Amino acid sequence: MTWKHWVAVVLVIGLGIVLQMPRHDRTMEEHQPTGRTTAPATASDAPAGPYRTVALEVTGMT
């Protein structure tokens, strides 16, 4: 491949990476802690066994 082909490949890959980055506008909502806890209130509320259930909040690209 010539140097022109390599430049085109680098530009396409670089542009694809840059376009996938999220924009951080001033109008975006700030993430504030909700004050919720995922741990049980008391030890008696916890299920028996080695497993624990946790609520996850997924935002953005996964």
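Computed from a predicted structure; not experimentally measured.
With a 4.5 Å cut-off between side-chain heavy atoms of Ile, Leu, Val, Met, Phe, Trp and Tyr, the cluster of M1 takes in W6, V9, I13, I17, M21. Applying the under-4.5 Å side-chain rule to Ile, Leu, Val, Met, Phe, Trp and Tyr, the cluster around V12 consists of that residue alone. Hydrophobic cluster of V7: the remaining members, joined at side-chain heavy-atom separations below 4.5 Å, are W3, L11, listed by chain and number.
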